[in-house]
Amino acid sequence: MSFELIVNSKPSGEISMALMRDSTLVELHEEKGDTDFAVGDIYLGKVRKVVASLNASFVNVGYEKDAFLHYLDLGPQFKSLDKFTQDTLRGKQNVADLLYFKSEQDIEKDGKITDTLSSSREILVQVAKEPISSKGPRLSSEITLAGRFLVLVPFSNKVSISQQIKDPEEKKRLKDIVKSVLPKNFGVIIRTVANNKKLAEIDADLKDLLERWRKMHANLKKSKAPKRVLGELNRASSLLRDTLNENFNKIHVNDPVLYAEMKEYVQSIAPEKVGILKEYKGRVDIFEQFGVNKEIKVLFGKKVPLPSGGYLIIEHTEAMHVVDVNSGNRSAKNDTQENNAITVNLEAAEELARVLRLRDMGGIICVDFIDMHKKENNKLLYTRLRELLKQDKAKHSIIPPSKFGVVEITRQRVRPVTNIETSEGCPACNGTGKIQASIMFADEIESKLHFLLGEKKAKKISLVVHPYLEAYFKKGFISKQLSWFFQYKKWVSIRANNSNHMLQYAFLDDQGEEITF
């Protein structure tokens with residue numbers, strides 16, 4: 001199994017990242033130019049309102065809607081964090097280290113928010129869930145800082161370890177290593193990727209996390225709510241932090257500045273992996289070059305095809321997502337309806353697990369599989385779906401198929417669902433139902449070509465068009481492309497771009513820049 005990361009930096013400042021597993025798209029992440037209120041960001045907020053009936057408070061962190069903080073999300077060490085915050089703001093806590101910090105008692109597990117918070121109080125909070133739809137961010141006051149091997153938990157002396165590490169001797173070794181280098185009043189969660197790592201690597205990760213804590217403290221000293229005091233890593237770096245492993249064999253980046261940033265980050269966390277970073281300098285769009293655009297068109301539409309000829313129909317509502325599995329009139333000779341159903345359902349389960357991660361679909365997902373009458377087939381489908389979703393990092397639960405073949409899935413939602421419009425609007429009619437005559441469209445391209453090659457004497461020209469137009473211009477023994485060569489004594493390169501509309505085209509110069517008219 002090999003992984004490739006394709007990073008597409010756009011002129012608008014947005015960054016799209018496609019994670020490919022064995023050349024198949026498994027994750028797609030988009031980062032806007034404005035990265036405020038991302039999961040992991042730490043803010044100094046001001047309590048706006050305490051609501052006893054909800055046992056929660058609403059906090060101003062600078063977003064247009066107040067953020068939500070429930071009592072259960074305060075964390076056991078809230079009093080210690082609050083004391084540290086207030087002392088820092090008053091100038092009493094001048095150092096970030098907690099060696100001489102006197103911790104407060106843990107808050108009661110079943111306590112009341114009114115006994116802990118009051119309006120207008122400044123508190124330190126962390127974004128646990130990004131703003132979704134009309135809701136503001138969801139917050140936590142149990143501050144954690146995630147590294148590659150460790151998660152730092154201030155005001156705690158507990159060392160926890162990932163349940164995915166099974167070997168008792170390795171567990172003991174890792175705990176002993178962490179305890180030997182961990183400062184007082186800091187706890188740690190040891191991540192799965194720390195398995196078999198050396199002391200030097202774990203120590204370096206811990207030092208990096210402690211440096212980020214010091215940076216947060218320095219920002220806090222001169223802050224006034226609402227203010228972000230520590231930003232999470234950008235999505236590209238956090239994706240590398242969480243997924244980079246020995247299976248990664250290539251990371252392609254199309255922006256030199258972002259390439260340099262990622263190279264520096266990889267150098268700091270995994271120097272041996274720097275060589276897999278490649279700066280993409282091709283003229284074709286990077287997502288087009290690596291086949292990402294094609295997969296996006298297929299997997300983000302309402303209808304998602306299956307290998308056997310069946311398909312999924314996916315509908316989104318405000319409250320839930322509904323998925324219908326269809327056989328697509330699939331039939332096989334000498335095969336029963338039950339066998340056809342289990343075959344299509346297993347394919348659908350595999351594609352569904354991929355689509356859930358790709359679109360980051362959260363909340364309630366109802367999947368209407370094809371009815372099966374044998375209990376063992378329903379059990380097989382349920383078991384297979386659970387195995388496939390084990391690879392999903394988002395928290396989820398699955399209810400076995402009902403007697404109607406419906407499976408209910410609940411999946412953690414921490415970010416807005418990734419929704420990409422895959423249907424193409426008509427580029428010429430704009431909804432009128434009438435378009436420019438095709439012969440006039442071809443004349444328009446040839447007219448501009450004559451202007452560039454005949455009048456402007458351009459040295460090298462490339463034409464980028466929809467695949468159908470590429471075929472039209474290249475068809476025949478004496479094709480249009482060859483006719484242009486005879487006429488202008490210059491070869492015009494014609495390239496197809498799947499993301500182009502049918503009547504969309506562009507002329508590129510010898511530097512790969514689009515020529516404007």
Side-chain angles (χ1 to χ4, degrees), residues 1-3 5 19 21 39-40 75-77 80-81 96-101 103 106 126 140 142-216 230 232-233 237-249 251 262 264-277 386-387 389-396:
M1 187 180 295
S2 64
F3 288 90
L5 184 65
L19 183 62
R21 182 181 64 205
V39 172
Q77 299 89 27
S80 297
L81 173 66
D97 296 335
L98 305 178
L99 183 62
Y100 301 107
F101 181 83
S103 296
D106 288 359
Q126 189 168 31
S140 168
E142 193 167 10
I143 305 297
T144 58
L145 299 177
R148 192 176 182 212
F149 306 122
L150 308 172
V151 177
L152 188 69
V153 187
F155 311 106
S156 168
N157 292 304
K158 186 178 179 182
V159 176
S160 305
I161 191 163
S162 167
Q163 295 180 355
Q164 299 299 319
I165 300 177
K166 306 294 185 183
D167 186 3
E169 290 186 9
E170 179 62 11
K171 281 186 175 183
K172 184 178 183 304
R173 184 187 76 88
L174 288 171
K175 283 190 174 183
D176 290 343
I177 286 176
V178 169
K179 287 178 180 177
S180 69
V181 294
L182 190 64
K184 185 181 176 183
N185 285 325
F186 284 99
V188 149
I189 301 169
I190 302 172
R191 306 182 72 174
T192 307
V193 287
N195 193 31
N196 295 322
K197 296 301 177 184
K198 298 178 181 177
L199 169 62
E201 293 175 285
I202 293 173
D203 184 48
D205 194 41
L206 178 61
K207 286 178 178 175
D208 180 59
L209 291 173
L210 290 170
E211 182 58 37
R212 290 181 63 203
W213 173 255
R214 284 189 280 271
K215 180 181 177 183
M216 187 279 298
L230 187 70
E232 175 61 296
L233 295 170
S237 296
S238 62
L239 187 65
L240 285 177
R241 177 193 67 197
D242 296 339
T243 59
L244 187 63
N245 55 44
E246 62 276 3
N247 293 325
F248 261 79
N249 60 354
I251 301 172
M262 292 182 70
E264 183 180 354
Y265 181 71
V266 173
Q267 181 74 49
S268 67
I269 65 167
E272 72 282 2
K273 288 283 184 182
V274 171
I276 68 175
L277 266 166
R386 287 187 62 183
E387 287 176 0
L389 286 175
K390 280 182 181 178
Q391 302 171 27
D392 196 339
K393 294 173 186 174
K395 294 178 183 177
H396 59 269

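- Note that CZ of Arg148 and CG of Asp205 are 8.5 Å apart. Values are rounded to the nearest 0.5 Å.
- Ion pairing between a basic and an acidic side chain is recognised when a charged N comes within 4.0 Å of a carboxylate O; Arg214 and Glu211 show such pairing.
- Classification of Lys207 and Asp203 as a salt-bridged pair holds, one side-chain N sitting under 4.0 Å from a carboxylate O.
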Cut-off 3.5 Å, no hydrogens considered: what does the side-chain donor-acceptor table look like for residues 151-161, sequence neighbours left out?
from, atom 1, to, atom 2, distance (Å)
Ser156, OG, Lys158, N, 3.2
Asn157, OD1, Asn185, N, 3.0

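- Two residues are said to be in side-chain contact when any heavy atoms from C-beta on lie closer than 4.5 Å; Arg173 and Glu170 meet this criterion.
- Interatomic distance, CG of Leu174 versus NZ of Lys197, reported as 11.0 Å (0.5 Å rounding).
- Residues Phe149 and Arg191 fail the side-chain proximity criterion, which asks for heavy atoms closer than 4.5 Å.
- Considering only heavy atoms from C-beta on, Asn249 stays 4.5 Å or farther from Ile276 through its side chain.
- Annotation: Glu272, atom CD; neighbour count of heavy atoms from other residues, nucleotides and ligands within 6.0 Å is above 12.
- Residues Asp208 and Arg212 are not paired through a salt bridge, judged by the lack of any N-O separation under 4.0 Å between the basic side chain and the carboxylate.
- The structure places CG of Asp97 at 10.5 Å from CH2 of Trp213, a figure rounded to the nearest 0.5 Å.
- The main-chain N or O of Ala394 is found under 3.5 Å from a side-chain atom of Asp392 such that the two form a donor-acceptor pair.
- Looking at heavy atoms from C-beta onward, Lys184 lies out of side-chain contact with Leu98 at the 4.5 angstrom threshold.
- Between Lys171 and Ile165, the shortest heavy-atom distance links the atoms CE-O, 2.7 Å.
- A side chain to side chain contact (heavy atoms under 4.5 Å, CB included) with Ile190 is found for exactly one of Asn195, Leu150, Ile202, namely Leu150.
- Pairing each heavy atom of Pro183 with each of Leu210, the nearest pair is CG-CD1, 3.7 Å.
- The shortest heavy-atom contact between Gln77 and Asp106 is CG-OD1, 4.1 Å.
- Rounded to the nearest 0.5 Å, atoms CG (Asp176) and CG (Leu199) are 11.0 Å apart.
- Taking all atoms of both residues into account, the shortest heavy-atom contact from Leu145 to Leu209 is O-CD2, 3.6 Å.
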